[in-house]
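For reference, the structure is listed below as structure tokens.
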Amino acid sequence: MEQSEVRVRFAPSPTGPLHIGGVRTALYNYLFARQHGGKLIFRIEDTDTHRFVPGAEEYILESFRWLGIQFDEGVSFGGEYGPYRQSERRSIYKKYADELLNSGKAYIAFDTPEELDAARNATKNFQYDASTRMNMRNSLTLDSSEVQRLISEGAQYVLRFKIEPGEDIHVYDMIRGDVVINSSILDDKVLYKSADELPTYHLANIVDDHLMKITHVIRGEEWLPSAPLHVLLYKAFGWQDTMPRFAHLPLLLKPVGNGKLSKRDGDKMGFPVFPLAWTNAEGETSRGYREDGYFPDAFVNMLAMLGWNPGTEQELFTMPELIQAFSLEKVGKAGAKFNPEKAKWFNKEYLRSKPDEELADLFIPMLEEKKLTVERDYVTAVIALTKDRATFVKDFWDIAACLFIAPSEYARYGVKAGATGAKPQDGRPADPRAKVYDDSLTAPFLAKDVDKFWKADIYEDALRAVENSDADTLEEYIRAEGMPIGKVMNCIRLALTGSSSGLGIHDIMSRDIMLLKQACKLLKYAPVGGLVDFNQVLDEMWIVAQEEMNFQTEAANLERFHALNQDVAFVASPLLYREYTTTHVLVMERIDGVSIDNH
């Protein structure tokens with residue numbers, strides 16, 4: 001068909017949350033429309049009233065607002081071809097249903113569900129078509145007076161499309177080429193139901209696309225079997241010259257095994273299948289990509305590559321670049337396997353490309369939720385140090401919490417991520433102190449490793465190493481002194497960060513944002529034979545403060561404490577990056593008997 005303006009549509013049903021396969025369909029329509037200077041129409045197909053879910057329509061709209069996919073016409077946007085909600089177009093559909101009936105292209109069928117079940121039981125592989133319709137109760141087998149009597153008495157009926165057998169139907173698909181289906185395998189589809197005075201999808205879809213001047217129908221592969229029926233309907237109405245071109249997109253497949261990607265796959269493997277989180281009527285919440293921390297532009301880029309290949313090695317595209325590069329001719333026919341790890345890779349790459357200041361602005365609200373007030377410049381400096389390790393903005397806390405607060409407790413004895421504490425480790429019985437940690441960013445030391453390096457002689461070596469070297473010479477000093485480098489470095493890491501993983505020791509020691517000497521104090525006061533926690537360190541600090549100062553709580557003595565050597569004061573929080581007065585307040589709270597459990 002030849003028309004001056006490209007017009008495409010995305011027409012979801014408000015039956016629940018929008019699957020990412022639907023989001024991809026909308027995205028491809030958007031890219032195609034923008035590339036050709038055309039328009040994208042948002043239509044709500046709500047003829048199936050039994051499946052309507054409150055809130056689903058707003059959820060769909062909010063998803064596209066988050067993704068930056070903009071519509072030109074439709075529900076919530078207006079336009080000259082409305083209304084755009086199918087439930088508001090009943091009179092329009094009735095007019096065209098009557099037109100098919102009056103032209104002999106459709107007929108009325110009164111068959112009850114019980115009569116249809118009896119026919120299916122009597123005939124194997126029963127299908128309501130040219131071979132069976134004359135044995136059924138419809139306007140082709142009943143005289144006109146009987147038909148009118150049944151209608152006037154309120155008998156429920158459906159309108160069926162009359163398909164003649166033996167015709168080869170050609171559907172030209174922009175992705176798959178010429179698809180040929182013989183009409184003999186098609187059944188007489190229901191087009192209209194008197195019970196709710198609404199059309200089925202097939203009639204409403206064709207009428208709406210025609211009246212809204214849709215030029216291209218870009219939709220999922222699951223609609224390909226319906227395309228021959230739609231071609232016949234266009235011909236029945238005499239609209240074949242303005243029939244839109246079709247493109248049926250490949251399915252999104254599950255990561256493992258065969259079959260279409262489903263919510264169950266996401267639940268089983270731990271990834272979302274919806275753009276936004278969704279809470280159903282039972283109160284169950286399904287994860288969303290927005291709430292999981294994905295950037296909308298990374299999510300869009302990832303979806304664009306599921307089924308489309310630009311023909312180059314390029315994988316990262318901005319929206320304007322996608323609009324310029326996209327073409328339906330480069331969309332594959334085979335299903336596209338969804339890879340949750342690749343989705344994370346896209347987000348990681350987008351995070352790395354964003355300015356440190358922008359990431360800091362996204363991270364600061366997370367710090368504020370933790371009751372932390374930190375200068376933007378400081379947060380930006382932490383982002384610069386850690387962004388290559390992060391996949392999501394929330395990862396900055398897991399990676400670098402030690403740069404904002406002291407650990408409230410240090411990493412406990414643990415076993416490898418994913419293991420079970422009851423299982424033997426390396427042929428040994430499981431350590432009764434063991435606990436499973438599944439977060440690779442904060443996984444603690446293995447119990448067997450703790451037994452090796454968290455000992456008094458290692459504390460002494462670690463203390464001597466950090467007091468007599470800097471970030472650039474630490475390893476050289478440890479080796480020169482003949483110390484066991486692995487044990488000493490692990491001991492230093494725990495003193496610095498409270499964990500066995502995260503930032504590199506060199507990165508921490510080389511920055512003035514970390515009070516390294518306070519780690520020395522922690523090593524000095526670490527009790528022999530086990531891990532130290534925050535309260536134990538405070539106890540040690542209080543003993544030292546009393547011994548050195550004859551400390552009291554009067555205002556004058558508090559001023560004396562404020563002037564106390566910082567090496568003693570910061571033992572209260574050896575890893576905490578705060579102003580000195582903040583630590584002073586923390587210590588005063590301890591002195592005054594105020595609970596510090598939440599610090």
Side-chain angles (χ1 to χ4, degrees), residues 1 8-9 11 13 21 25 28-29 45 47 96-97 99-101 103-107 109 116 119-120 123-136 138 140 158-192 199-210 214-253 258-260 307 328-329 331-336:
M1 60 180 292
V8 296
R9 45 73 167 176
S13 298
T25 298
Y28 282 8
N29 275 278
E45 298 191 343
T47 56
Y96 287 99
E99 181 178 323
L100 290 176
L101 180 62
S103 65
K105 303 294 177 59
Y107 59 94
L116 291 172
R120 294 186 187 103
T123 304
K124 186 177 180 181
N125 299 323
F126 171 82
Q127 180 170 275
Y128 209 125
D129 58 17
S131 67
T132 60
R133 64 171 76 116
M134 299 308 294
N135 299 322
M136 307 302 292
N138 54 56
L140 300 177
V158 298
L159 188 72
R160 288 184 178 273
F161 188 51
K162 187 179 179 183
I163 295 180
E164 299 301 337
E167 177 185 351
D168 283 339
I169 307 166
H170 291 262
V171 179
Y172 182 78
D173 189 280
M174 298 175 70
I175 296 171
R176 303 162 193 280
D178 190 30
V179 179
V180 183
I181 300 292
N182 192 275
S183 62
S184 297
I185 69 171
L186 302 179
D187 63 326
D188 292 354
K189 289 292 185 186
V190 173
L191 300 181
Y192 186 85
T200 61
Y201 167 82
H202 303 291
L203 177 62
N205 177 273
I206 297 305
V207 169
D208 289 345
D209 284 348
H210 173 73
I214 300 302
T215 62
H216 298 77
V217 172
I218 304 169
R219 59 189 179 185
E221 178 184 335
E222 62 269 24
W223 292 110
L224 184 58
S226 298
L229 168 65
H230 297 169
V231 169
L232 290 177
L233 281 169
Y234 277 107
K235 291 181 178 179
F237 282 119
W239 298 337
Q240 58 268 32
D241 292 339
T242 57
M243 182 171 61
R245 300 183 67 185
F246 296 101
H248 291 89
L249 307 176
L251 295 176
L252 290 189
L253 305 178
N258 300 317
K260 186 177 178 180
L328 289 171
E329 288 73 19
V331 174
K333 301 176 184 178

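The structure displayed is predicted, hence computed values, not measured ones.
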Please report the shortest heavy-atom distance between [X] and [Y], naming the atom on each side.
X	Y	answer
G307	Y28	C-OH, 3.9 Å
Y234	P244	OH-CD, 3.2 Å
L191	H202	CD2-CB, 4.2 Å
L203	A97	CD2-CB, 4.0 Å
A236	L100	CB-CD2, 3.9 Å

- prompt: Would H248 and R176 count as having a side-chain donor-acceptor pair, cut-off 3.5 Å?
  reply: no
Keeping the roles fixed (side chain from [X], backbone from [Y]), state whether a donor-acceptor pair exists under 3.5 Å.
X	Y	result
T47	T200	no
D129	S184	no
S183	E164	yes

Note, [X] side chain near [Y] side chain (heavy atom, < 4.5 Å):
X	Y	value
K162	K105	no
R160	K189	no
V331	P250	yes
V231	F246	yes
N138	Y128	yes
Q127	I185	no
L186	P228	yes
Y107	D188	yes

query: Hey, what's the ring geometry for H210 with W239, parallel, tilted or perpendicular (30° and 60° as the breaks)?
result: parallel
field: Worked verdict on R9 versus V217 for side-chain contact (heavy atoms from CB on, under 4.5 Å)
entry: CA-CA 7 Å; R9 45 73 167 176; V217 172; 3.6 Å; yes
- prompt: Should V179 and I169 be marked as a side-chain contact (heavy atoms from CB on, under 4.5 Å) after you check the CA-CA gap, both sets of side-chain angles, and the distance that decides it?
  reply: CA-CA 8 Å; V179 179; I169 307 166; over 6 Å; no
Spatial distance of atom [atom1] ([X]) from atom [atom2] ([Y]) [nearest 0.5 Å]:
X	Y	atom1	atom2	result
I206	M243	CD1	CE	9.0 Å
L229	I181	CG	CD1	12.0 Å
H216	D209	NE2	CG	12.5 Å
K235	D241	NZ	CG	11.0 Å
N205	L233	CG	CG	9.5 Å
N182	D168	CG	CG	5.0 Å

Evaluation steps, side-chain contact (heavy atoms from CB on, under 4.5 Å), between M136 and L116: CA-CA 9 Å; M136 307 302 292; L116 291 172; 4.0 Å; yes
task: Quick one: do Y96 and F237 satisfy ring-ring contact (aromatic ring centres under 6.0 Å, His included)? Show the steps, please.
output: CA-CA 9 Å; Y96 287 99; F237 282 119; 5.7 Å; yes
- prompt: What do the steps show when you test Y201 against W223 for side-chain contact (heavy atoms from CB on, under 4.5 Å), and what is the final call?
  reply: CA-CA 11 Å; Y201 167 82; W223 292 110; 3.3 Å; yes
task: May I ask you to decide whether E221 forms a salt bridge with K333, counting only side-chain N to carboxylate O separations under 4.0 Å?
output: no
